[in-house]
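Let me begin by presenting the structure, written as structure tokens, before commenting on it.
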Amino acid sequence: SLQCDLTGWWENDLGSKMHVSKVDSQGNFSGKYYTAVSSAQKPIEPSPLIGSQHLDEDGQCTFGFTVNWKFSDSTAVFTGQCFAGEGGEEVLQSTWLLREKVDSLPSDWKATRTGHNVFTRLG
Ligand code: B9F
């Protein structure tokens with residue numbers, strides 16, 4: 001049976017990397033996210049991620065994780081699904097929401113960005 005274990009190193013279309021530590025028997029995992037891009041004033045720092053994945057045996061598991069950016073007051077969540085690419089390589093299709101801290105309720109409307117990232121396995 002095919003697998004979908006997110007454990008290991010991944011890189012996305014922006015050049016960001018993430019390392020997922022061992023996925024436990026319930027599908028829970030933690031890791032670190034190394035974003036290649038930022039528009040914060042402060043330098044980028046590796047940031048912790050925590051998430052969970054389904055453990056289906058068809059290689060097409062869905063997953064989600066949260067990144068708590070250590071160099072800004074913002075938070076990102078990613079959700080996605082694993083697929084096999086043309087050459088059988090693992091491809092993670094994901095959609096993210098990035099919440100920026102705003103200083104007041106009237107600014108809430110502009111606090112969330114969204115986008116899409118594709119991850120492939122490194123190494
Ligand atoms: O640059 C972001 C940030 C948040 C508040 C000030 C700076 C933090 C890094 C986010 C990285 C995103 C991308 N990297 C990646 O791999 S997460 C989704 C993308 N995928 C200025 C205000 C709000 C955003 C920028 Fe900021």
Side-chain angles (χ1 to χ4, degrees):
S1 55
L2 302 171
Q3 261 209 61
C4 40
D5 182 340
L6 294 193
T7 302
W9 282 95
W10 299 88
E11 183 172 27
N12 72 20
D13 52 295
L14 291 170
S16 297
K17 295 179 174 62
M18 67 170 172
H19 182 249
V20 174
S21 309
K22 192 178 163 56
V23 177
D24 76 16
S25 62
Q26 297 303 306
N28 298 317
F29 59 83
S30 58
K32 271 213 153 50
Y33 202 100
Y34 304 77
T35 184
V37 298
S38 165
S39 50
Q41 307 299 327
K42 297 198 208 159
I44 291 172
E45 291 176 42
S47 297
L49 69 85
I50 189 157
S52 63
Q53 64 159 104
H54 279 278
L55 297 171
D56 306 337
E57 302 231 329
D58 62 358
Q60 302 197 110
C61 303
T62 67
F63 63 85
F65 61 85
T66 300
V67 186
N68 179 337
W69 303 109
K70 283 299 136 189
F71 53 95
S72 83
D73 293 326
S74 62
T75 301
V77 294
F78 289 76
T79 188
Q81 186 174 345
C82 189
F83 294 99
E86 297 277 88
E89 78 283 12
E90 296 160 288
V91 177
L92 306 181
Q93 290 286 346
S94 74
T95 301
W96 52 263
L97 293 170
L98 174 59
R99 176 70 189 204
E100 171 185 7
K101 185 178 179 180
V102 290
D103 57 9
S104 64
L105 184 52
S107 295
D108 181 70
W109 66 272
K110 63 177 178 180
T112 307
R113 290 163 165 78
T114 188
H116 178 257
N117 282 135
V118 184
F119 293 83
T120 52
R121 205 178 271 282
L122 267 180

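Order of listing sets the numbers, starting from 1, for every ligand and every atom in it. The analysis underlying the following values was restricted to heavy atoms, covering all of them including side chains, and did not include hydrogens, waters or symmetry mates.
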Electrostatic pair D5:K22 at N-O distance under 4.0 angstrom
no
Hey, which atoms in ligand 1 end up nearer than 4.0 Å to a heavy atom of W96?
18 (C), 19 (C)
Under 4.0 Å from a heavy atom of S38: give me the atoms of ligand 1 that qualify, with their elements.
1 (O)
Ranking S72, S74, S39, A36 by closest non-hydrogen atom to atom 1 (O) of ligand 1, top hit is S39
Should the heavy atoms of other residues, nucleotides or ligands under 6.0 Å from CD of E89 be counted, would the total exceed 12?
yes
Check ligand 1 against Y33 and write out every atom of the ligand that is under 4.0 Å from a heavy-atom position of the residue.
15 (C), 16 (O), 20 (N)
Measure the shortest side-chain to side-chain distance between H116 and V118 over non-hydrogen atoms and say whether it is less than 4.5 angstrom.
yes
Indicate yes or no: at least one non-hydrogen side-chain atom of I50 is less than 4.5 angstrom from one of N68.
no
Do F119 and L6 make a side-chain contact, defined as non-hydrogen atoms from C-beta onward lying under 4.5 Å apart?
no
Check: S16 N/O within less than 3.5 Å of ligand 1 N/O
yes
The closest protein heavy-atom partner of atom 17 (S) of ligand 1 is W69 CZ2, 3.5 Å
Looking only at N/O atoms, are T35 and ligand 1 under 3.5 Å apart anywhere?
yes
Under 4.0 Å, heavy atoms only, figure out whether ligand 1 is touched by the backbone of N117, its side chain, both or neither.
side chain
When you compare the side chain of S47 with that of T35, does any pair of heavy atoms fall below 4.5 Å?
no
Say whether R113, considering both its backbone and side-chain N or O atoms, lies within less than 3.5 Å of an N or O atom on ligand 1.
no
In this structure, atom 13 (C) of ligand 1 is nearest to the protein heavy atom V37 CG2, 3.8 Å
So N117 and D13, do their side chains get closer than 4.5 Å, heavy atoms only?
yes
